[in-house]
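Structure first, then comments.
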Amino acid sequence: ADLGGTPPRGLDYKVFGRRGCMFSPTYSGTTYESLMSFNSLNDDHDAWTAPVTTNSLSFGRVGSGIRILGGERFEDFLMAFTQNEIFPVYITPNADLPLAYKNAVFHEPGGGPSNRHPIVSAGGRLFWISRNRDVKMMNRDLTVQSIGFPVQPFLRGLSDSRITTMIGGFEPKYQLVVW
């Protein structure tokens with residue numbers, strides 16, 4: 001929270017590179033859907049009182065339609081998800097810009113998740129249910145493949161409200177990814 005006690009708001013929050021990273025932060029009543037803001041190593045509160053001017057990465061211009069839904073730690077990256085792309089965020093040695101991102105390692109219209117919650121990290125891979133009703137898997141080499149052919153008829157039968165509110169998790173006893 002900032003010094004006034006107002007909690008920061010965003011679509012998702014992850015810790016990466018000893019920093020708190022907030023996806024699509026809200027500032028002064030406006031949600032900046034193309035930004036990921038992060039605090040400094042000394043937890044400077046200014047990052048949360050003005051998340052669009054201090055310590056942020058922009059994945060597109062305001063109004064560009066790029067909507068950062070959230071992220072998930074994977075290998076040496078923090079993967080930032082949009083509805084169509086995945087961007088690997090990495091730690092830099094530069095004190096002025098300690099985090100940066102690479103070009104999208106995945107792009108498919110509707111291939112990203114509908115929200116942050118159906119993304120699951122398990123067994124050295126990332127899994128998610130995509131907006132186009134498929135199960136996607138990212139391998140350690142950052143390649144993505146479709147593994148949902150057997151369940152696509154079921155997923156296609158789900159309403160949009162079911163897809164957009166889907167939540168995933170990992171069940172360790174049976175080594176299962178579940179949604």
Side-chain angles (χ1 to χ4, degrees), residues 1-121 126-132 136 138 142 144 160-161 163-168:
D2 64 24
L3 291 179
T6 304
R9 290 176 174 41
L11 293 179
D12 192 21
Y13 183 87
K14 289 286 186 276
V15 175
F16 178 71
R18 298 178 49 206
R19 289 167 164 61
C21 301
M22 186 185 312
F23 299 88
S24 296
T26 298
Y27 175 62
S28 295
T30 302
T31 299
Y32 292 84
E33 295 179 330
S34 61
L35 289 182
M36 180 192 88
S37 60
F38 51 91
N39 63 351
S40 62
L41 283 177
N42 65 357
D43 200 23
D44 182 6
H45 73 279
D46 288 339
W48 302 137
T49 56
V52 300
T53 59
T54 307
N55 298 337
S56 64
L57 295 177
S58 177
F59 293 87
R61 296 179 187 198
V62 174
S64 66
I66 291 179
R67 182 173 181 235
I68 299 295
L69 300 171
E72 188 65 47
R73 288 188 61 133
F74 184 65
E75 297 296 312
D76 294 331
F77 300 103
L78 175 63
M79 306 308 272
F81 284 82
T82 73
Q83 292 178 333
N84 302 317
E85 291 109 359
I86 303 172
F87 297 93
V89 175
Y90 61 95
I91 300 167
T92 73
N94 185 339
D96 291 333
L97 186 60
L99 299 177
Y101 68 93
K102 296 181 178 188
N103 290 335
V105 294
F106 172 74
H107 176 81
E108 177 183 305
S114 59
N115 65 62
R116 160 47 212 120
H117 303 292
I119 305 166
V120 179
S121 178
L126 278 181
F127 301 89
W128 68 94
I129 302 285
S130 68
R131 287 187 323 130
N132 58 16
K136 303 288 187 187
M138 177 178 279
L142 305 184
V144 175
D160 286 343
S161 65
I163 291 292
T164 59
T165 57
M166 190 169 287
I167 297 172

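Any value given below was found using the heavy atoms of this structure, including those in side chains, with hydrogens, waters and symmetry copies removed.
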**OP:** Check whether any side-chain heavy atom of Arg116 lies under 4.5 Å from a side-chain heavy atom of Lys14, and answer yes or no.
**Re:** yes
Original post:
When you look at Asn132 and Glu108, which way does the side-chain contact (heavy atoms from CB on, under 4.5 Å) test go after all the steps?
Top reply: CA-CA 10 Å; Asn132 58 16; Glu108 177 183 305; 2.8 Å; yes
Original post:
Less than 4.5 Å apart, any side-chain heavy atom of Glu72 and any of Val120?
Top reply: no
**OP:** Go through the steps for Met79 and Leu142 under the test side-chain contact (heavy atoms from CB on, under 4.5 Å), then give the verdict.
**Re:** CA-CA 10 Å; Met79 306 308 272; Leu142 305 184; 4.0 Å; yes
**OP:** Quick one: closest heavy-atom pair of Ile86 and Pro88, and the distance?
**Re:** O-CD, 3.9 Å
Subject >> Tyr32 side, atom OH; Ser56 side, atom OG - distance, nearest 0.5 Å >> reply: 10.5 Å
Subject >> Spacing of Glu85 atom CD and Leu69 atom CG [to the nearest 0.5 Å] >> reply: 10.5 Å
**OP:** Nearest 0.5 Å please: distance from the CD1 atom of Ile68 over to the CG atom of Asp12.
**Re:** 11.0 Å
Original post:
Does the side chain of His107 reach to within under 4.5 Å of the side chain of Asn84, using non-hydrogen atoms?
Top reply: yes
Original post:
Under the ring-ring contact (aromatic ring centres under 6.0 Å, His included) test, which residues partner Phe74, sequence neighbours left out?
Top reply: none
Original post:
Hey, are the side chains of Ile119 and Leu126 touching, using non-hydrogen atoms and a 4.5 Å cut-off?
Top reply: yes
Original post:
Near Asn94 CG, under 6.0 Å, is it more than 12 heavy atoms from other residues, nucleotides or ligands?
Top reply: yes
Original post:
Using the ring of each side chain (for Trp, its six-membered ring), is Phe81 parallel, tilted or perpendicular to Trp128, with breaks at 30° and 60°?
Top reply: perpendicular
Original post:
Is there side-chain contact between Val89 and Phe38, with heavy atoms separated by less than 4.5 Å?
Top reply: no
Subject >> Results of salt bridge (charged side-chain N to carboxylate O under 4.0 Å, His left out) for Asp160 - residues two or more places apart only >> reply: Arg133
Subject >> Heavy-atom pair of closest approach, residues Gly112 and Phe106 >> reply: N-CE2, 4.3 Å
Original post:
Which heavy-atom pair separates Ser130 from Gly111 by the least distance, and what is that distance?
Top reply: CB-O, 3.2 Å
**OP:** Compare every heavy atom of Ser24 with every heavy atom of Thr31, then report the nearest pair and how far apart it is.
**Re:** CG2-O, 3.6 Å
**OP:** Would you sort out whether Leu99 and Phe16 count as a side-chain contact (heavy atoms from CB on, under 4.5 Å), showing the intermediate values?
**Re:** CA-CA 9 Å; Leu99 299 177; Phe16 178 71; 4.0 Å; yes
**OP:** Report the distance from atom CG of Leu35 to atom CZ of Phe23, rounding to the nearest 0.5 Å.
**Re:** 11.5 Å
**OP:** Please round to the nearest 0.5 Å and tell me the distance separating atom NZ of Lys136 and atom CD1 of Ile129.
**Re:** 10.5 Å
Subject >> From Leu97 atom CG to Leu57 atom CG, the distance as rounded to the nearest 0.5 Å >> reply: 6.0 Å
**OP:** Quick one: closest heavy-atom pair of Gln83 and Ser114, and the distance?
**Re:** NE2-O, 4.3 Å
Subject >> Note, Leu78 side chain near Tyr101 side chain (heavy atom, < 4.5 Å) >> reply: no
Original post:
Between Asn39 and Met22, is a side-chain contact (heavy atoms from CB on, under 4.5 Å) present by the stated rule, with each step listed?
Top reply: CA-CA 9 Å; Asn39 63 351; Met22 186 185 312; over 6 Å; no
Original post:
Is there side-chain contact between Asn55 and Arg19, with at least one heavy-atom pair below 4.5 Å?
Top reply: no
